[in-house]
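Here the structure is a predicted model, which means the values were calculated and not measured. In what follows, chains are A, B, ... by sequence order, proteins preceding strands, each numbered from 1.
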Protein chains: 2
Amino acid sequence: MKTISKENYLKIIFSREEETGKPITTTYLADKLNVSKAAITDMARRLAAEELIAYERYHGIRTLPKGKKLAVEVIRKHRLWELFLLEVLNMNWSEVHDEAELLEHTTSDKLMNRIDKFLGHPKFDPHGDPIPNRNGKFPKTAKRMSLLESAEGKKYKIVRVNDASKDVIDFLSKIGIELGSEITVKKILPKNEGALIKNGRRLHSISGNIAAALFIAPAEKGRKR
Amino acid sequence: MKTISKENYLKIIFSREEETGKPITTTYLADKLNVSKAAITDMARRLAAEELIAYERYHGIRTLPKGKKLAVEVIRKHRLWELFLLEVLNMNWSEVHDEAELLEHTTSDKLMNRIDKFLGHPKFDPHGDPIPNRNGKFPKTAKRMSLLESAEGKKYKIVRVNDASKDVIDFLSKIGIELGSEITVKKILPKNEGALIKNGRRLHSISGNIAAALFIAPAEKGRKR
DNA sequence: CTTAAAAGTTAAGCAATCTTAACAATAAAG
DNA sequence: CTTTATTGTTAAGATTGCTTAACTTTTAAG
Ligand SMILES: [Mn+2]
Ligand SMILES: [Mn+2]
Ligand SMILES: [Mn+2]
Ligand SMILES: [Mn+2]
């Protein structure tokens, strides 16, 4: 049976697997989902029983086709809702994630496709994440890198902001950074202690936390994000 | 704690109490919510423990102020969603109820107020049910009666359609009856066997089931529905 | 290699929401 | 009034999704 909990688990498992290519650990999920490690083991057994994931005791979790499909459907709903809430209902950049986190589980495919159509079949959500189409296919996305891997002195465009923390997004809004902002990296501090970036004529010192949430692409001809 | 189940229970308890003014029975709720009578007794104890309802063993359920407030909030969300889905996203008259039945539980007050504003603070949902405002106050509604209490030969306006059954709404759509339609009652069959009504130049024979879902007001000067 | 720390699992138990079956109270009929 | 039908409650048990505590496996150091 499909439940809100399972959808949330699968979404995170899938995303993490895409990111790392490796089996997902109990500790990672416990941390992300804010539950005990025992709860993860428990759910892993149940998801595996439904063939949504492959679970090997002590060796982590991988998604199976059925789980992948479900995860992508939920991700699609999440991202379309975020854009809809921002563009149509004028909610704040920092608010839409939490709202979408709930709506994604109570929206029929039919409604979602209406919203997709209403928005003109968008390819990216307000945080720069790609929106899979109704067949589960993600749009081609130009390569991106973390701000932490950038070269000092160079100019970049912000192409993605990790939406995991409301505070981070709020802070960025406050200092005037948004998707598409062109920034110049002045300094990357070692040991993940943050960075100095220039946005227009304003120089900002940002924490390691904030820096890690920012993803960029070289600021040049390329229009694709 | 506030859960989807509890919200659904309270919504039905409240609506039924408004309708009858009497304590709500276990049997009624079991039927409406499609669960066993034992489940109702069980939930009644828990809702009573939270002071959302007053529950007297063997003598039914009444709402308490806290439960009433919660119920009205959910009803507001339900009805605003229905209108939004119909008007903004062009879903069908018969589809919006089921969709709203889920969305009503995962929508923040903030989002709901945005939608309310977007719609221009509407007073009635697509089935003619009044939408409480953000303070929980229902709009004044002109008196309505069931089609079954109508007088043969008279002309009426459809002011409300019970949204409980998708099939009923689908049928009405098919024969061209919607909110605001002006009809003439030709015959009311006894024993709840239905009625004969004329909509424009078309004469329709409708079942008792359908007739019971239709609510009317005299078709005259009055514009209020 | 050995061992201590970290990661992961198991066991026991709880809360929420259901189910079925047996039993009790109330209401309806005669 | 009694009897019976209807309505409602209890008891016992299942499932989902969690918790804490104890135990096991794996990993990282030395
Ligand atoms: Mn998000
Ligand atoms: Mn979610
Ligand atoms: Mn409805
Ligand atoms: Mn509902």
Side-chain angles (χ1 to χ4, degrees), chain A residues 1-14 16-17 19-63 66-67 70-71 74 101-102 104-106, chain B residues 1-13 16-17 20-63 66-67 70-71 74 101-102 104-106:
Chain A
M1 245 278 297
K2 200 181 89 171
T3 67
I4 292 179
S5 258
K6 284 177 187 171
E7 290 187 348
N8 282 331
Y9 274 74
L10 287 172
K11 205 167 50 130
I12 293 182
I13 293 166
F14 172 85
R16 182 61 167 179
E17 196 179 29
E19 196 180 312
T20 67
K22 288 190 288 192
I24 314 313
T25 66
T26 300
T27 303
Y28 175 79
L29 291 174
D31 180 62
K32 267 281 173 173
L33 289 158
N34 252 297
V35 296
S36 69
K37 286 186 268 185
I40 302 296
T41 302
D42 190 39
M43 181 64 96
R45 281 209 272 84
R46 279 177 291 130
L47 292 176
E50 293 185 64
E51 294 180 286
L52 294 163
I53 62 166
Y55 167 55
E56 208 185 334
R57 262 162 82 256
Y58 290 107
H59 294 93
I61 290 169
R62 287 176 176 286
T63 52
K66 268 165 56 179
L70 224 179
V74 179
E101 197 58 59
L102 298 178
E104 64 188 0
H105 310 291
T106 49
Chain B
M1 245 278 299
K2 197 181 91 170
T3 68
I4 293 179
S5 259
K6 283 177 188 170
E7 289 186 349
N8 283 331
Y9 274 74
L10 286 172
K11 206 168 50 130
I12 294 181
I13 293 167
R16 182 63 168 179
E17 197 178 27
T20 67
K22 289 189 287 190
I24 314 312
T25 66
T26 301
T27 302
Y28 175 79
L29 290 174
D31 180 63
K32 266 280 173 176
L33 289 159
N34 250 297
V35 296
S36 69
K37 285 186 269 184
I40 302 296
T41 303
D42 192 37
M43 181 64 98
R45 280 211 270 83
R46 278 177 292 128
L47 292 175
E50 293 184 66
E51 295 179 286
L52 294 163
I53 61 166
Y55 166 55
E56 207 187 335
R57 259 161 87 257
Y58 291 104
H59 294 93
I61 290 168
R62 287 176 174 286
T63 52
K66 270 166 56 179
L70 226 179
V74 180
E101 197 57 59
L102 298 177
E104 65 188 1
H105 310 290
T106 50

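Pairing each heavy atom of B/Ser5 with each of B/Met43, the nearest pair is CB-CE, 3.8 Å. For the pair B/Leu47 and B/Lys6, the tightest heavy-atom approach, listed with the atom from each and the gap, is CD2-CG, 3.6 Å. Minimum heavy-atom separation, A/Glu7 to A/Lys2: OE2-CE, 2.9 Å.
Atom CD1 in B/Ile4 sits about 14 Å away from atom C1' in D/dT16, given to the nearest Å. For the pair A/Ile40 CD1 and D/dT16 C1', the interatomic distance rounds to 14 Å; values are reported in whole Å. With rounding to whole Å, B/Met43 atom CE is found 17 Å from D/dT9 atom C1'. For A/Glu7 and D/dT16, the CD to P distance is 15 Å, given to the nearest whole Å. Atoms NZ (A/Lys37) and P (D/dT20) sit 13 Å apart, rounded to a whole Å. Computed from coordinates, the A/Asp31 CG to C/dG8 C1' distance equals 15 Å when rounded to whole Å. When rounded to the nearest whole Å, the span between CG of B/Leu47 and P of C/dA15 equals 17 Å. Spacing between atom CZ of B/Arg46 and atom C1' of C/dA15 amounts to 8 Å, rounded to whole angstrom units.
For the pair A/Ser5 and D/dT16, the criterion of a side-chain N or O lying under 4.0 Å from OP1 or OP2 is not met. Phosphate contact (OP1/OP2 of C/dT10, side-chain N/O of A/Thr41, threshold under 4.0 Å): absent. For C/dA6, neither phosphate oxygen OP1 nor OP2 lies less than 4.0 angstrom from any side-chain nitrogen or oxygen of A/Thr27.
Within 4.0 Å of B/Tyr28, counting heavy atoms only, lies no atom of the nucleic acid at all. Across all strands shown, A/Arg57 has heavy atoms under 4.0 Å from sugar-phosphate atoms exclusively, and none from any base. As judged by a 4.0 angstrom heavy-atom cut-off over every strand, B/Ser36 is placed among the base-contacting residues.
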Q) Does the side-chain contact (heavy atoms from CB on, under 4.5 Å) test come out yes or no for B/Leu10 and B/Val74, once each step is laid out? A) CA-CA 9 Å; B/Leu10 286 172; B/Val74 180; over 6 Å; no
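Checked against C/dT26, D/dT16, C/dT9, the side chain of B/His59 finds its nearest nucleotide in C/dT26. In the set D/dT19, D/dG8, D/dG17, the nucleotide with an atom closest to the side chain of A/Thr3 is D/dG17. With distances taken from any side-chain atom of B/Ala38 to the nucleotides C/dA11, C/dC18, D/dT10, the minimum falls on D/dT10. The side chain of A/Val35 approaches D/dC18 more closely than any other nucleotide in the set C/dT17, D/dC18, C/dA7. You'll find that the side chain of A/Ala39 is closest to D/dC18, out of D/dT26, D/dT7, D/dC18. Nearest to the side chain of B/Tyr9, among C/dC18, D/dG8, D/dC18, sits C/dC18. Among C/dT26, D/dG17, D/dT20, the nucleotide with an atom closest to any side-chain atom of B/Tyr58 is C/dT26.
None of A/Leu29, A/Thr25, A/Asp31 except one satisfies the side chain to side chain contact (heavy atoms under 4.5 Å, CB included) rule with A/Thr27; the exception is A/Thr25.
In this structure, B/Asn8 and B/His105 have side chains that are in contact, with non-hydrogen atoms separated by less than 4.5 Å.
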